[in-house]
Amino acid sequence: MRLDLHGVTAAIDGAPIVSGVELTAAPGQFVGLVGPNGSGKSTLLRTVYRTLRPSAGVVSLDGDDLWRMRPRTAARRRAAVTQHGDPGGEFTVAEVVAMGRAAHQGLLDRETASDRSVVAESLERVGMDGRDDRLFSTLSGGERQRVLLARALAQRAPLLVLDEPTNHLDVGAQLGLLDLVRSLGLTVLAALHDLDHAAAYCDHIVVLRDGRVRAAGPPLEVLTPEFIAEVFGVRAHVGPHPLTGRPHIAVASPV
Amino acid sequence: MSGAFTGVLIGGLAVALVAVCVIAISLGSVTLPLGAVWRVIAAHLTGSGDTDPLRDQVVWDIRTPRVLVAALVGAGLSAAGVALQALVRNPLADPYVLGVSSGASLGAVLVAAVGAPALGGLGVTGAAFVSALLSVLLVYVLAQRGGRLLDSRLVLAGVAVGYLCQAATSYVQLQLDPSELQRLMFWLMGSIAGATWHDLRLPAAVIAACTAYLLLQARRLNALLAGDDAATALGTPVRTLRLALLAVASLLTATAVSVVGGIGFVGLMVPHAARFAVGADHRRVLPVATLLGAVFLVVVDLATRTVDRPNELPVGVFTTAIGVPFFLWLLRRRTGGAA
């Protein structure tokens, strides 16, 4: 699945938050969206969830306009793990993941054996199998995020959108989640806070500042110390990770 | 929560509903044997109307419509409560959170004050219905922004409009003469007495249709709880769904209130009792709450006309007397869980 944002402009209450964004995620690519707080990352992602209609520009999946699809059709092609996407109340793990099957069910359809097997499979892929009847509210932060990822996987969509998926997770859970997402083989668009994660996990980086794309390309080409200093206002060191050999970014406050 | 348990619970509630309806029809100022009740109902359902005319009148013309209205209103208010709690994402919301009940009361007292002819010939029921819908419309206008409903504003606007209508109702009540007020008080506090087949056909059909619609929205209500972004990503048409839920739940509540007056706490209490039994998933909560609400109101209505015979007590007083302690217990339990 190929995702294209072409000239996307989106406004909230008349004030433009993102303007003229060009972004492409090729099939199977892990694309990272980075930028300082308030740069418009979440707003841009909302044009892909379809909660905020772009005032100009097109969001397309394999060339089809996402905003012209029926809601359920869109949900069969694009899944998301949003911020604050957990359901309140006492849902079990299996019930949360089953919500992902709504895209494949009509109003009068009942849950079928195949729905249940997709739910079980999705839980297995995120390593949460066997915990179907646990209450979602009793899980740890890392486990909750895995269950929400399983819910997105249950949609069986080839494109996965993530909004700061590692927020509030401990370091082990952060890396575990990113490894997991990377291993899925889906097209991924993820807003990421941590530049080091972006450098280590993404194939392609798009940097947003003040609602505009400031740079795009492979992580090491885009995230130079000078560029990081300019956009984020911090000193940066870029080099191979001493343990993994993958690109590594260390940051420090400006002198 | 196992599906088998829910299946048994739903089956049990359906049986209980039929049982309490038949019992409620047999009890009253004249107590009839259950067998006689069955015979009259069966005769009407099969069209062979040869039963004792006196019994026929008591069972079919007086008690059956009343019991059916109690069941429908109980079911409808409970389903509307479930839907509105999901819509505003607040478990302490109830069908009256949008000012429907206060709006209906204002319409009812206005009819009494200025007379039906001044309001285009609307009776108490009609005026209550119209003013209930007008108050919801006002709440909607206040809570929307460019056609998008914001759940926090919906609750605040509902509370504000509710208070406004209450103040206006109190003012109009002061202008009424005591005998008029006495008659109206019973309606304001909720009463199912005096239900007849003739007046109830349309409201019953509206309540039944709205409840059926809400029962079909279970999966979408689950998604709605995850927030607008996540719900949309899951394939839910959030914007149209919110408007549809608001419209249907309001129509249902306005219809119920205009017929039976302000019966409080059913729409708050019953959904929580259902969640307590089957968890949060609306695919289970909705059918269980709907049946439980029907059983509950039939039983409460029976109590209002039997505990202090021959006097009748307002249903709203009963449901609130049970509801407030329940509400406080719920509140304590929730805080206890969060601490």
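Numbered from 1 within each chain, the chains take letters A, B, ... in sequence-line order.
Of all residues spanning residues 62-72 of chain A, those with a heavy atom less than 4.5 Å away from chain B's heavy atoms are P71(A), R72(A), arranged by number. Residue-level contacts of residues 138-154 of chain A with chain B, in order of numbering, are R151(A); threshold 4.5 Å between heavy atoms. Of residues 27-50 of chain A, those residues with a non-hydrogen atom less than 4.5 Å from any non-hydrogen atom of chain B are, in numerical order, R46(A), Y49(A), R50(A).
Judged purely by atom type and a 3.5 angstrom limit, Q155(A) uses its side chain to pair as donor or acceptor with the backbone of A233(B).
Taking CG from L225(B) and CZ from F91(A), the interatomic distance works out to 5.0 Å, rounded to the nearest 0.5 Å.
Using a 4.5 Å cut-off between heavy atoms, A74(A) makes no contact with chain B at all. Heavy atoms of D132(A) lying under 4.5 Å from chain B are absent altogether.
The minimum heavy-atom distance linking E95(A) with D281(B) is given by the pair CG-OD2, 3.3 Å. Closest of all the heavy-atom pairs between T51(A) and D228(B) is CG2-O, 3.5 Å.
Enclosure of atom NE2 in H6(A) is not indicated, since only 12 or fewer non-hydrogen atoms of other residues, nucleotides or ligands lie within 6.0 angstrom.
Comparing R283(B), R219(B), R220(B) by heavy-atom pairs within less than 4.5 Å of chain A, the highest count is held by R219(B). Most heavy-atom pairs under 4.5 Å with chain A: of the set A230(B), A226(B), A223(B), this distinction falls to A226(B).
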Side-chain polar contacts of residues 79-90 of chain A - donor-acceptor pairs under 3.5 angstrom, sequence neighbours left out - could you list them?
| from | atom 1 | to | atom 2 | distance (Å) |
| --- | --- | --- | --- | --- |
| Q83(A) | NE2 | D163(A) | OD1 | 3.4 |
| Q83(A) | NE2 | D163(A) | OD2 | 3.4 |
| E90(A) | OE2 | S137(A) | OG | 3.2 |

